Structures are given as C-alpha cells and as structure tokens.
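Structure, as structure tokens:
As a basis for the values below, the full set of heavy atoms in this structure was taken, side chains included, without hydrogen atoms, waters or symmetry mates. Just so it is clear, the structure is predicted and the values come from calculations on it, not from any experiment. Just so we're on the same page: letters track the sequence lines, and every chain starts at 1.
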Protein chains: 2
Amino acid sequence: MATLKALAREAGVSIRTVNRVLKSQGYVGGETRRLVEAAVAKLGYQPNLAARSLKTAKSHIVAVLAFASDEPRMAQVAALERHLREAGYLVSVTFHLESGDGKQGARVVRELVGQHPAGIVLVGSGQHDPHPLWHILPALVAPLSAARMPYVVLDPRGEPAQACDAVKIDRGQGVREAVLFLARERGRKRIAFFGPTDDRTRLDGYEAALRVLGREPILLDFPGLEAAAQREAGRKLAALPVKARPDAVVVHADPIALSFLAGLHDGGVRVPQEVALVGFDDRPAAALAWPPLTTVAQPSAEIGKAGAAILLRKIAGERSPRGGWSQVLPTRLVVRETT
Amino acid sequence: MATLKALAREAGVSIRTVNRVLKSQGYVGGETRRLVEAAVAKLGYQPNLAARSLKTAKSHIVAVLAFASDEPRMAQVAALERHLREAGYLVSVTFHLESGDGKQGARVVRELVGQHPAGIVLVGSGQHDPHPLWHILPALVAPLSAARMPYVVLDPRGEPAQACDAVKIDRGQGVREAVLFLARERGRKRIAFFGPTDDRTRLDGYEAALRVLGREPILLDFPGLEAAAQREAGRKLAALPVKARPDAVVVHADPIALSFLAGLHDGGVRVPQEVALVGFDDRPAAALAWPPLTTVAQPSAEIGKAGAAILLRKIAGERSPRGGWSQVLPTRLVVRETT
DNA sequence: TTGTACGCGTTATCAC
DNA sequence: GTGATAACGCGTACAA
C-alpha cells in the first residue's frame, strides 16, 4: 500500500511536491511532474481515505438508512449510489426493516449521526408498514437538524407534518392520468378506487379526475393490508350484479391490485373486458401478472439522481430554501393488458 | 465532536486513562473510572473512526459489490449487513447493474480493493443476465486473491471454474423435493421441466427426482430469456391435446414461470387442475400471482448470515480450507395454489 | 495505577 | 518552484 512518502522517495522529490502534482494545484516543473507521475503509475498509488478524512475532518461516506428492501426502493438507492460515487462518495447502507414507531428509527438515526458521515439519506418504508415514513419523519429529522447533518428523504409517500428536504413524486398526477385514460381512451363509465383512505396522495388524484369528468367518486371498502382480505374484496365485487359493479378500479398499489385481481379471477370476472384495473408503483410483479397489470410507474432512477443532487448541494453548504428542498417528479402511466 | 483529549480535560485525567476506561483494559481506579464515564456521557463522545482506521491500519468498512438489486438479493444483503453491523462493521454497497463481461466487473473490483475495505462481498447477477456471476467469477476473484483481500461470494448460482469462498444454496434439492411432491402428493404423471439447459443447477435436481420415480425426463423447448417468448411457449403447450400435454411443469425461475403461466391462461388451461406449476426463488411476484405460485424459496436471511460469518473469519485471519469455504444451504418448497 | 510522547498518511502553511 | 514541518484523533510502548 503505497503512501505519499514512498512516492516522494521513488521520484526523488518531497512529499509536498507529490501532493501538488496529485491535486494539480500550484505550479510544478514539467520534468518533476513527469517523475512523480511515473512513480504513481509504478507503485499503483491509492490515497488512504482514512488519513484524508482525519486531516480534512470531512467524511467521504454517505449513509443510507433503508426502511425497506423492495425493488423500486433499491432501484432508487442504486441510482443515488451511482451519482454519489461519481462525486467521490462511498455509500453505506443500513437496513432497518423491522417495522417500528419513530422512536426506534430515531435511535438508529442518532447512531448514524454519531459516525459522522458526510450526509444521510432516508429511504421510505414499504407498503405494508403500519408506520409509513412520512408519519414518523419528524422524529427522524429532528436529530439530523439538531446535528446540522446534511440529509435528504427519498419519497416519503405523503406530506410530513413538518417541512423537510425530500424528493417527492406526484402520485396524484399519475392516478389522475390513469382515471382520464380509463374514461376517455377506454370508455369506462364507473371508475372506482380501492385503497386506504387515510393516505390522501392517490385518492386526491382520483377525486380530482372524477371532478374533471363530472362524476361521483366510488370508494370501495378497503379491508386493510392483509392480502387475503383484499382478495376476498375482489371476490365480493365479482359476486355483484354487473349493473351494480364498477367497470374499472384504480388501486392504491400494485400488491393490493394483484391480490384484488386474484379475487376477480376467483369470481370469474374477465379482466379487462368486464372490469379494468390499474395499480401503482410498477413493481416487477405487475409486468408478470396475468393479465400484465397497467400501472403508474415511479421514476426510480430520477428519484435517486435528484436525491444525490440535493444532498451534494447541502454537503457543499448551500442552505435549504424556505420549506425545505422539495423536488417533485412526475409519474408515468404504463399501459399493459388490464385496461 | 468530542475527542479523547476533550474527555481527558473534562475528567481531569490523562488521555491514556480515558482510553483504558473505554477499552476496559488494565486497571483503573474506581473513582477515576466514574469521572471518565461521566465525561463520556456529558460530552456524548463518539470515537473518530477515521483516526482509528488510520492508526490501526484496519478498515471498519466491508464493501458489497451488487450485480443486481432484486428483492431476494437485497434481502441477502440486508441480513449480511445486520450481522456485520453487530460485529462493528459498516457496509458500503456499490451497484454494478449494467450487465457486462468479466472485464468491467474486474475493474470495479480493483477499484474497491484500492479503497482498502476490511473485506469484499460479491452478490450475484440477476436472472436475465447473459453473464451469470459464476461464469465471470474467476476474473473477479483473481484480483481479490492477489491482494489477499478477504472476500465471500453470496450464491454464485452455479459452479465456478475455480474454487472460491462462497455461500451456496442447494437448488437441486429444492427442485427434487418439488418434483417428488408433485408425483406423490399430487399424483402428477407427466412432470416436465421448463428452463435453460446450459444451467445444470436445477435441471440436475429435476433429473435426479425422475430417476427416483423411474420416469423419463420431459424437457420443454426453452425459447430464451424474453418474457414474450416464454408466454408464447405457454400458449403452445395449452394448444396441445390433453394427452400430449404434461400435467405438471417445474420451471427454472419465478419470472419465467409467471410468463409461462400467462400463456397457459391465454390458452384457457386451468391451473392447477390441468397443469400444475412450480417456480423457483419465491420472489414477491410469486405470492401475488393468480393462482399464487408454488415455488422453491431460497433462505435469503441465512445466506446473508452465513456470508457474514465466513467473511468475519477470513478478516480475522483464518485461512480458507482446501477448495475454499463453501457452505451449502437447503432450499424450501413453499406450497401455494398452482399445485 | 496513571501520564508522556510518538506515529499512522494526508493536507496545507510557511519559508526558501 | 520546491522542501520542511505541523497538525488531525487515536492507540500504545514506555516511563514514572
């Protein structure tokens, strides 16, 4: 493991000169430079990051705290990692998959802060978590703000009670687009919504679209996060007389849509002929379903990229604007065979 | 950011004494110890890991190189991370999702080695990669061995040409179990296999089970990794007369099984009544399919745990046994509704 | 039982 | 243009 000292000896110059060549700062004689570069190549020099961190009092590590490990989330992290790597940072990932309230999460955040990374990224909790990220977010962000630690939240899935720096996606817009598509391109008359009603992000888009269409919302009873119960809801809907039944259902999320779809199949309803279906997230399961599920895709790569950009600005010392950084990215309707 | 020096001043003792209390090594007077502990609590001391790494010439970072970001893989990484965290290591993750041959991978490995982590973990490439991990593994492991960098491979999905330290799973056993289940518990007479034939891991188990049953293997033509082609294969099978058709199909992997299942549905075949189906991996999509897919689950959490254990032993300096560390973990049949 | 002092590899200030 | 050299915070050999 070559050091600056070894390079200096090899090139027959001082440490300081080697350092100047490597940092290309100040003037160095052409011949001297060539000598140093030859030494670097010969010894295969790699800087010691621990020493650099110690000296500069700056970490080269960005810590990601992941509350989920599902495909869309990890795609976000992968994109974030790529952009941060290009900026010279190493990305560490800590998983905290056990669902819990804000207190446990805050403890983990404090532990991470104690390791003095250059910044911290919070990546959202999964679908089935009774404590969604936006809900426990104030408790998580408090220690970060207190320590003045640069941070960013990737897609908190809702509006946190307190302003924070986050990359958001416009769920409402995607759902609105889906509803209008069902009505205008597919001629559906009775478009219902299936999902929890305490999360407004998608519901708002649904209701806005129905207002545009001049129709009344149809909210199907949501039985909770159990897949079996969602499937049963699909069966119940299938048992309804055709006249009393919606001819399209927009669903809160892909896993819920697929459980519901299974119930429709159980009941012998033809999809999309009798009932059309739209999910949300574009998980791998959506493309693999039968029929392949039309869904609203989130821009995972862009979320990661935007998160990296915000974090790098905060690390560079830029102050958050009033109300926090808040980039809102569009979602995209992916039309498959359930519509 | 409190330092040892600050603690020493606060407690009115020397740095060395503070250090002894923190490391609980050697004897320290009871009163002195209490003073130091009070100072630690008051200043909220957290050791500077960069300084520690510099001094001890030991890294506290384990680098994970991930060639995929799918759910089962990330579950392995999450488990690995948890166990390494408990051992005091920080886990950094580098994603290298662009499918490529061994040369690009080897370059990334060399870059990681240059950062001098305590160890490196290789996590496998995805289903659809034309260069599966076990295939490019020799090129990846060479620079690791050359640098004497502790490493471990999580589930290389095949037998690499060269011995290396890896956690493997017994795919053959899971498939064998599935075939015997179909024959004995479900009375299936004509059990076929659908998947690539250049990967022997699952095929071997299939053939072994048929030998036990005294039957001839039925290998369905595999059209390649395109989902549309796999679906078409399902349709073709559905079009066959019932007598010429297998009554059960064991498939190489869940995504392939689900595409094939879609083709069966397209062709009006009832699953499992007419044709039973078994996948491999237990991806989230399997449970969400209709009908929910019976599949062979890999023990993700155990893979991560075993990988952490092997890596920690290598970091501690234990030499690899002849032929490399090689823990083989069992797979488990998850019976759902396609059988 | 406690304290002093050195060095890990890097960066950056100062003098030549 | 270049070379000494002093820190950064921690761990530990050696003194006291």
Side-chain angles (χ1 to χ4, degrees), chain A residues 1-40 42-61 88-90 113-118 315, chain B residues 1-40 42-61 88-90 113-118 147:
Chain A
M1 175 164 157
T3 68
L4 282 188
K5 198 198 274 184
L7 287 183
R9 197 160 4 139
E10 177 73 23
V13 297
S14 80
I15 290 180
R16 181 70 184 99
T17 305
V18 175
N19 182 252
R20 301 187 111 186
V21 171
L22 292 177
K23 293 297 192 66
S24 41
Q25 63 180 201
Y27 295 98
V28 184
E31 176 61 11
T32 318
R33 155 164 284 125
R34 277 223 310 288
L35 278 171
V36 171
E37 281 164 353
V40 167
K42 182 177 173 194
L43 300 185
Y45 171 76
Q46 295 281 140
N48 181 322
L49 298 177
R52 179 176 291 171
S53 288
L54 175 59
K55 178 59 194 175
T56 60
K58 287 195 175 82
S59 173
H60 61 287
I61 296 175
Y89 290 92
L90 199 65
V113 170
Q115 304 188 348
H116 305 286
I315 289 174
Chain B
M1 176 164 156
T3 68
L4 283 187
K5 200 198 271 182
L7 287 183
R9 198 160 4 139
E10 176 72 24
V13 297
S14 80
I15 290 179
R16 182 75 183 93
T17 305
V18 174
N19 180 255
R20 301 188 111 186
V21 171
L22 292 176
K23 293 296 196 61
S24 41
Q25 63 181 203
Y27 294 97
V28 183
E31 177 60 13
T32 317
R33 153 165 287 124
R34 275 223 313 287
L35 278 171
V36 172
E37 280 163 354
V40 168
K42 183 178 174 196
L43 300 184
Y45 172 76
Q46 296 281 140
N48 181 321
L49 298 177
R52 180 177 289 172
S53 288
L54 176 60
K55 176 63 192 173
T56 60
K58 287 196 177 84
S59 172
H60 63 285
I61 296 175
Y89 290 93
L90 200 64
V113 169
Q115 303 189 346
H116 305 287

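- In this structure, A:Ile15 atom CD1 and C:dA12 atom P are separated by 15 Å, rounded to whole Å.
- When distances are taken from the side chain of A:Asn48 to each of C:dT10, C:dT13, D:dC10, the shortest belongs to C:dT10.
- Closest to the side chain of B:Pro47, from the set D:dC10, C:dT10, C:dG3, is D:dC10.
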Please table the atom pairs, donor to acceptor, closer than 3.5 Å between any side-chain atom in residues 6-14 of chain B and protein atoms at least two apart or in another chain.
{"unit_1": "B:Glu10", "atom_1": "OE2", "unit_2": "B:Lys42", "atom_2": "NZ", "d": "3.0"}
{"unit_1": "B:Ser14", "atom_1": "OG", "unit_2": "B:Arg16", "atom_2": "N", "d": "3.4"}
{"unit_1": "B:Ser14", "atom_1": "OG", "unit_2": "B:Thr17", "atom_2": "N", "d": "3.4"}
{"unit_1": "B:Ser14", "atom_1": "OG", "unit_2": "B:Thr17", "atom_2": "OG1", "d": "3.2"}

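- For A:Val13, counting side-chain heavy atoms from C-beta on, the closest listed nucleotide (D:dC10, C:dT4, D:dG3) is D:dG3.
- Comparing B:Gly12 and A:Thr3 against DNA chain C, the residue whose closest nucleotide sits nearer the 5' end is B:Gly12.
- Counting only residues at least two apart or on different chains, the side chain to side chain donor-acceptor pair (under 3.5 Å) pairs with a member in residues 50-60 of chain A are A:Ser53-A:His60.
- What separates CG of A:Leu22 from C1' of C:dG9 is a distance of 13 Å, to the nearest Å.
- For the pair B:Glu31 and B:Arg34, the salt-bridge criterion is met [side-chain N within less than 4.0 Å of a carboxylate O].
- For A:Arg16 against C:dT13, a side-chain-to-base donor-acceptor contact under 3.5 Å is present.
- You'll find that the side chain of A:Lys23 is closest to C:dA12, out of C:dT4, C:dA12, D:dG3.
- Contacts of residues 53-60 of chain A with DNA chain D (heavy atom under 4.0 Å): A:Leu54, A:Lys55.
- One interatomic measurement links the two molecules: CG of B:Leu7 to C1' of D:dC10, which rounds to 12 Å at whole-angstrom precision.
- In this structure, A:Tyr27 OH and A:Arg33 CZ are separated by 11.0 Å, a value rounded to the nearest 0.5 Å.
- Here the options are B:Leu35, B:Thr32, B:Val40, B:Val36, the test is side chain to side chain contact (heavy atoms under 4.5 Å, CB included), and the partner is B:Val21; only B:Val36 passes.
- Remark: C1' of D:dA4 and NZ of A:Lys5 are 13 Å apart, rounded to the nearest angstrom.
- Proximity note for B:Ala51 (side chain, C-beta onward) versus C:dC8, D:dG9, C:dA12: the nearest is D:dG9.
- Distances shown here put a side-chain N or O of A:Ser14 below 4.0 Å from the OP1 or OP2 atom of D:dG3.
- A:Leu4 comes within 4.0 angstrom of a base, heavy atoms only.
- Checking D:dC10, C:dG3, C:dT10 against the side-chain heavy atoms of A:Arg52 singles out C:dT10 as nearest.
- With rounding to the nearest 0.5 angstrom, the CG atom of B:Asn48 is 9.5 Å from the OG1 atom of B:Thr3.
- The CG atom of B:Asn19 sits 15 Å away from the P atom of C:dT4 (whole-angstrom rounding).
- Between B:Tyr45 atom OH and D:dC10 atom C1' there is a gap of 7 Å when expressed in whole angstrom units.
- Minimum heavy-atom separation, B:Tyr89 to B:Ile61: CD2-N, 4.2 Å.
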